[in-house]
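In this chain, numbering begins with 1 at the start of the sequence shown.
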Amino acid sequence: MTQAEVLDKIVAQEQAEMESLRQYSPLIETYIQTRHPDKQVGVAPGGDKYFLGRALLANGVEIIPLAKDTRSKHGMFIGSLANLLSMEFVPKGFLQMVYVDTNGFDRNHYEFSYVHREFLGEVRCLVFDVNPRVKSEKGRFVGRIWVEDQDFHIVRFNGIYSGTSSLSHYFSFDSWRQDGGKNGWLPAVIFNEEGNVQYPVAKRQITPAFRAQTHLWGYALSRASKEQELSRLLVEAPVKDQTENAHDYSPLQAERAWAGLAEDNVIESLETLGLMAPFGEVDKILQVVVNNLEVSNGLDVQPPVRCRVLLTSTFESYAMGHTIVVSRGLLDVLPDEASLAMILAHELAHVVLGHRMDTQFAFFDRLHFDEKETFRHFGFSMTPNEELAANQKGSELLAKSPYKDQLATAQCFLQTLKSRSKEIPNLINPHLGNRIPTNWTISQGRPCDQPSTEKTANAPVSASLFALPLGGRIKLEPFDGRLRLLKLNPTALAADYEKMPFEVTPMILYLTRHIDDLPGETPAQQPTEPEP
């Protein structure tokens, strides 16, 4: 196959990809951290911003905001012009980065230069440098693309849009897509980095140094599987009424059933909106830790406690009746299992102490609301007195648990979070529950500034790191919002500057193909190097 033929296929596939994306309305979440020098770790967050919305891809780059827009509350200023000129991050600008070029990505507007062949995870790619033919055109992509060599989808593109001016500024970005099956690759994550932290004056930068992560998910939610289940509905033989067996509900059973219905309704609603992950392997891990706490404390909680994961990056956990919810972002930064047990013990304490949720959501009319009002409609925060009681009870649960001798790192996590809280106000601001109780004392172990030789189970660093960077544990599947644990090789820290607590870091995906997209390859089907 000649290079011209390969390029024609790439362009045609990208145009088909753009048209295919118009059918979707995924959730989009962008988290931005400004950065400044830090004597202890080299570079640290100096402020943050957060956006969460529903992307309307049928309308191009339109977004319906779901969470409060932090631009109006936290202005961001540019260099020495702080009194005259302010800068705002525009959420639609980050959504635009899911496309290489919305104004025509073709050979008439672009020059392509073949670089080499490269694997991204398990996916073999052709790599091209791309430049607009007319340099002065605004909004044209300048950078590099990675094209999987089976169907010629662009799976990664790294660069910038041309046309930065004094009124608008384009940022460099690294945009990744993941295989969604049915010959489609879906935008998944975008990483941005701008500005120099150490030498801003020498670099003459007009924007503050920052990093940003953007996640997209929920292209196809669970409705399809439920419709498929309905189509296979079986009608069974009549069941004989066994009147001799007790089958009526006592008042206590009715009360429990009513509260359970409210919990189920909220979970189903959040799943339908794409804000809660479908039940999976991460939930099972949380359940194991809760079971450890219950068994070691001789608890028999009825109805049984269950665990679920909120898909947002903000740090929060809350008890919703007998359901414990922890956010993806919080799970990402916890350094070890004992720290996870600390978070779950606090919420389990709410359950044990009988701190109830409002059962109004057992009425189905309460679930009919505009999606934009989700975080105003739902709320599961506890009173200050209930939080204090949960801290005390949680400490008692941990003192009798298998984690009682491993809580030093957990205590240091709380101290690290408290010390960084002013720099990351939007990351620690919960949507539905309370803030993580950083003043909670659970251990009288070694000081947090003393190194430890302990190893953190299933973590990329040693236990001397008291908080991981964002994205440190969990991978979010963009198609259906499912979560899975990252498979990481242990990596020793070389210096303090590699610790990166709560920081935004680059996202490098290990790409794989959907199982339905893997043909039985023969030597004749193997792609060849493009000819000039």
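In this structure, W258 and F363 have perpendicular ring planes: the angle between them is above 60°, well past the 30° mark. The aromatic rings of F502 and F315 lie tilted to each other, with the angle between the two planes from 30° to 60°. Ring geometry, H350 versus H346: the interplanar angle exceeds 60°, so the pair is classed perpendicular (tilted spans 30 to 60°). The aromatic rings of Y50 and Y31 sit tilted relative to each other, their planes meeting at an angle between 30° and 60°.
Using modelled atom types and a 3.5 Å distance limit, the side chains of T409 and Q406 yield no donor-acceptor pair. With hydrogens and angles left out, the side-chain atoms of E263 and N265 include no donor and acceptor closer than 3.5 Å.
At a threshold of 4.0 Å, the pair D332-R473 does not count as salt-bridged, since none of the basic side-chain nitrogens sits closer than that to a carboxylate oxygen. Between R54 and E371 there is a salt bridge, since at least one side-chain N of the basic residue sits less than 4.0 Å from a carboxylate O of the acidic one. Using a 4.0 Å cut-off between charged nitrogen and carboxylate oxygen, E477 and R482 do not count as a salt-bridge pair. A salt bridge links R328 with E29; the closest basic N to acidic carboxylate O contact falls under 4.0 Å. In this structure, R366 does not pair ionically with E373, as no charged nitrogen and carboxylate oxygen lie closer than 4.0 Å. Ion pairing between a basic and an acidic side chain is recognised when a charged N comes within 4.0 Å of a carboxylate O; E122 and R513 show no such pairing. Between K393 and E386, none of the side-chain N atoms (NZ, or NE/NH1/NH2) sits under 4.0 Å from a carboxylate O, so this pair counts as no salt bridge.
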